[in-house]
Structures are given as C-alpha cells and as structure tokens.
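Working notes, structure below.
Heavy atoms only: backbone and side chains are in, while hydrogens, waters and symmetry mates are out. Indexing begins at 1, ligand by ligand and atom by atom, following the structure's order. None of these values were measured; they are calculated from a predicted model.
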Amino acid sequence: MDLGIKGKTALVTGASQGIGLAIARALAAEGARVLLSARNEEKLTLAVQAIKAGGGEASYLAADLNQPQTATRLKALAEQEFGPIEILVGNTGGPPPGEAASLDEESWRQAAELLFYPQLRLTRAVLPGMRERGWGRILYVTSISVKEPIENLALSNALRAALSGYAKTLAREVAADGVTVNTLGPGYTATERVNDLFAKNAQRLGTSPKELLAEQLAQIPAGRLADPSETAAVAAFLVSRQAAYLTGQAIMVDGGYTRGLL
Ligand SMILES: NC(=O)c1ccc[n+]([C@@H]2O[C@H](COP(=O)([O-])OP(=O)(O)OC[C@H]3O[C@@H](n4cnc5c(N)ncnc54)[C@H](OP(=O)(O)O)[C@@H]3O)[C@@H](O)[C@H]2O)c1
C-alpha cells in the first residue's frame with residue numbers, strides 16, 4: 001500500500017537507535033524526507049548514510065531535547081533542507097526506574113524534561129504551520145504503561161499518561177484543520193533500552209536478565225519481543241494519508257500484552 005507520504009517532510013526525534021531509528025527508516029522507505037535527531041552524532045551519521053544508500057532522503061541534527069531551543073533549531077533546519085515539517089514523530093529515551101513512593105522531586109523534574117516538555121515544544125514549533133496548510137500528522141511514542149502502569153517505572157507511568165492526556169486534548173482541538181494527533185505505545189521491543197531495563201531489574205530482584213526475560217515472555221501472548229521494524233510499520237501507517245480519520249487514539253503495539261478492552 002502506498003502510504004501517501006512521498007515527498008513529505010518528517011521529523012523523527014530519538015532516532016539514533018531502537019524504535020525511533022526504525023520509524024525514521026520506515027518513513028524514508030515510503031519516500032518521506034526525514035530529519036533525524038538525537039544526541040549521538042556518530043550514530044545519526046551512520047543512520048543517515050544507510051537511508052541515503054537505500055535511495056531515501058534524510059538529514060540529521062545532533063541535539064539534546066532537554067534544551068528548549070532544540071525544537072526551533074529542528075524546525076529551522078527541516079525548512080532549510082526539505083521544507084516545513086508535515087509529520088512529527090516525537091520519541092525520546094525512557095526515564096530511569098524507580099518507585100512512586102520514593103522518587104525525589106528532582107527525578108520528576110528531569111523525567112518531565114525528557115518525556116513531556118520536549119514533545120510540547122516540538123508540537124508548538126510545528127503545529128501552526130500544519131494548521132495553516134491544512135495537513136499534519138503528530139505521533140508521540142509512549143508505552144504500554146499508559147494502559148497498564150509498570151511496576152517500578154513510576155516516572156514513565158505518570159509522565160506518559162500526562163502526554164497522552166495532552167495528545168487527546170490537542171487531537172480534538174486541531175482535527176478540523178486536517179491535523180491528526182495520536183500516541184503509539186510500544187510493548188516489550190528488542191532495543192538497547194529493554195536490555196538495560198532487564199539488567200537493572202534483574203539486579204534489583206536478585207535474578208538473571210535471562211530468567212527475567214523468560215518470565216516476561218510468558219506474559220506476552222505473542223511469546224516474543226517485538227522487532228522495532230514492526231512498531232515502525234504501525235507508526236508509518238498512523239502518519240499516512242489513509243489515517244486521516246484516525247486521531248486522538250492510543251495504539252498499543254504489544255503482541256497482545258495489555259488486557260484492557262480500551
Ligand atoms: N523498547 C521497549 O521495549 C519499550 C517499551 C515501552 C516503551 N518504550 C519507550 O519507547 C521509546 C523508544 O524506545 P527504545 O527502546 O527505542 O529506546 P532507546 O533504545 O533508549 O532509544 C532512545 C532514543 O532517544 C534518544 N534520546 C534519549 N535521550 C535524549 C535526549 N535527551 N535528547 C535527544 N535524544 C534523546 C536516544 O539517542 P541519543 O542517546 O543519541 O540521544 C535514542 O535515539 C522510549 O521512550 C522507551 O522508554 C520502549
């Protein structure tokens with residue numbers, strides 16, 4: 001299926017590895033011109049080279065999303081290289097583990113600076129142009145934790161819920177302008193983030209990452225982790241021309257993990 005995004009300008013953040021990189025690749029494969037961003041310049045260079053080698057169009061900006069000016073720098077660079085941003089995929093790293101009862105205020109502030117404020121700034125930078133042009137796609141990468149909070153991941157559970165509330169509210173405000181706003185919640189996906197979390201949790205629980213992984217897989221009806229390309233394929237559809245009537249939704253890509261009906 002042609003997703004109708006050939007020639008569109010897309011910004012994908014958190015795109016140096018894992019799910020963000022897979023989404024950037026998927027959009028480039030559909031013919032979008034993709035601006036990738038993250039902090040690690042070496043990884044971004046390799047990612048852009050690989051996309052170009054495959055016939056795609058891509059560029060990058062190495063920047064920290066914690067810096068308030070990053071959003072406006074990304075907007076300006078995209079316009080200079082490709083044109084106004086028509087597709088925003090807001091993705092970042094996950095916060096450290098921790099319990100709601102014991103995390104200090106500074107940890108909450110830092111997590112908000114990672115998970116919430118960058119998305120807000122990126123959106124504020126790109127939304128006016130999208131509304132004026134009558135077409136836009138905004139997709140935030142969240143987590144299955146917005147449906148079922150995950151033990152010892154209080155920062156993720158709370159702040160991604162805040163982002164989801166923002167997305168739902170915004171979706172209704174801008175729907176008539178041709179702009180959709182959705183969130184994508186990955187389930188357990190084979191990336192460095194998940195390796196790191198399993199290692200930390202195994203240490204905390206006095207078990208091995210391998211045993212912990214086996215326990216986790218037993219909870220996933222599909223019986224395996226997702227490959228990032230599977231998550232990216234769903235993301236590509238959510239920002240497609242065909243998904244014009246799909247807005248305000250939280251789509252879980254989780255192999256059947258979450259149990260709730262909605
Ligand atoms: N993998 C899973 O099983 C899973 C499950 C549920 C939710 N999620 C969430 O989905 C998102 C993507 O997951 P992932 O597994 O692909 O994570 P990942 O492998 O840790 O990748 C995170 C990306 O975000 C970038 N990043 C982190 N902090 C940044 C900052 N301050 N400024 C700019 N870029 C930053 C990283 O690049 P640099 O280090 O180069 O900046 C990297 O490209 C995360 O929020 C994660 O928590 C993942």
Exercise. For ligand 1, which part of Ala226 has a heavy atom less than 4.0 Å away: the side chain, the backbone, both, or neither?
Worked result: neither
Problem set entry | Heteroatom proximity flag, Pro186 to ligand 1, N/O under 3.5 Å | no
Exercise. What atoms of ligand 1 come within less than 4.0 Å of a heavy atom belonging to Leu114?
Worked result: 28 (N), 31 (N)
For this session: Check ligand 1 against Ser143 and write out every atom of the ligand that is under 4.0 Å from a heavy-atom position of the residue.
Result: 6 (C), 7 (C)
For this session: Find all atoms of ligand 1 within a distance of less than 4.0 Å from any non-hydrogen atom belonging to Asp64, and give their numbers and elements.
Result: 30 (C), 31 (N), 32 (N)
Seminar exercise, completed: The reported gap from CZ in Arg33 to CD1 in Ile85 (rounded to nearest 0.5 angstrom) is 13.0 Å
Exercise. Out of curiosity, is Arg160 lining ligand 1, as in a heavy atom under 4.0 Å away?
Worked result: yes
Exercise. Counting only heavy atoms not in Arg124, do more than 12 fall under 6.0 Å of its CZ?
Worked result: no
Problem set entry | Gln203 atom CD, over 12 foreign heavy atoms within 6.0 Å | no
Problem set entry | Side-chain donor-acceptor pair present, Gln219, Glu215, cut-off under 3.5 Å | no
Problem set entry | Those atoms of ligand 1 less than 4.0 Å from some heavy atom in Gly18 | 16 (O)
For this session: Check each atom of ligand 1 against the heavy atoms of Tyr188 and keep those under 4.0 Å away; list them by number with element.
Result: 3 (O)
Exercise. According to the ring pair (Phe, Tyr, Trp, His ring centres under 6.0 Å) rule, which pairs have a member within residues 49-68, sequence neighbours left out?
Worked result: none
For this session: Return yes when Ser156 approaches ligand 1 closer than 4.0 angstrom through a heavy atom, no otherwise.
Result: no
Exercise. What residue among Thr92, Thr13, Asn91, Thr123 forms side chain to side chain donor-acceptor pair (under 3.5 Å) with Tyr140?
Worked result: Thr123
Exercise. Is the CD atom of Glu106 crowded by more than 12 outside heavy atoms at less than 6.0 Å?
Worked result: yes
For this session: Please confirm whether Ile144 comes under 4.0 Å of ligand 1, counting heavy atoms of the residue only.
Result: no
Exercise. Which of the numbered atoms in ligand 1 are below 4.0 angstrom from a heavy atom of Thr142?
Worked result: 7 (C), 8 (N), 9 (C), 10 (O)
Exercise. Counting only heavy atoms not in Gln69, do more than 12 sit closer than 6.0 Å to its CD atom?
Worked result: yes
Exercise. Between Ala243 and Leu238, what is the shortest heavy-atom contact and its length?
Worked result: CB-O, 3.7 Å
Exercise. So is Val141 polar-close to ligand 1, meaning N/O to N/O under 3.5 Å?
Worked result: no
Problem set entry | Test item, Ala63 contacting ligand 1 (heavy atom, 4.0 angstrom) | yes
Problem set entry | Contact partition for Thr70 relative to ligand 1, non-hydrogen atoms under 4.0 Å | neither
Problem set entry | Any N or O of Gly93 closer than 3.5 Å to N or O of ligand 1 | yes
Exercise. For atom 28 (N) of ligand 1, which protein heavy atom lies nearest, and how many Å away is it?
Worked result: Arg39 NH2, 3.1 Å
Problem set entry | ring pair (Phe, Tyr, Trp, His ring centres under 6.0 Å) partners for Tyr117, two or more places apart | none
For this session: List the closest protein heavy-atom neighbour of atom 48 (C) of ligand 1: residue, atom name, distance to the nearest 0.1 Å.
Result: Ile19 CD1, 4.0 Å
Problem set entry | Ring geometry between Tyr257 and Tyr188 (parallel below 30°, tilted from 30 to 60°, perpendicular above 60°) | perpendicular
Exercise. Less than 3.5 Å between some nitrogen or oxygen of Gly14 and one of ligand 1, yes or no?
Worked result: yes
Exercise. Counting each atom of ligand 1 from 1 as listed, which ones have a heavy atom of Gly94 under 4.0 Å away?
Worked result: 44 (C), 45 (O), 47 (O)
For this session: Of the side chain and backbone of Thr191, name the one, both, or neither that has a heavy atom under 4.0 Å from an atom of ligand 1.
Result: side chain
Seminar exercise, completed: When distances are taken from atom 3 (O) of ligand 1, the protein heavy atom at minimum range is Thr189 N, 2.8 Å
For this session: Below 4.0 angstrom from a heavy atom of Gln17, which ligand 1 atoms are there? Numbered from 1 as shown, please.
Result: 18 (P), 19 (O), 20 (O), 21 (O), 42 (C), 43 (O)
Problem set entry | Under-4.0 Å salt bridge between Glu113 and Arg121 | yes
Exercise. If you count the non-hydrogen atoms of other residues, nucleotides and ligands that lie under 6.0 Å from CZ in Arg172, is the total more than 12?
Worked result: no
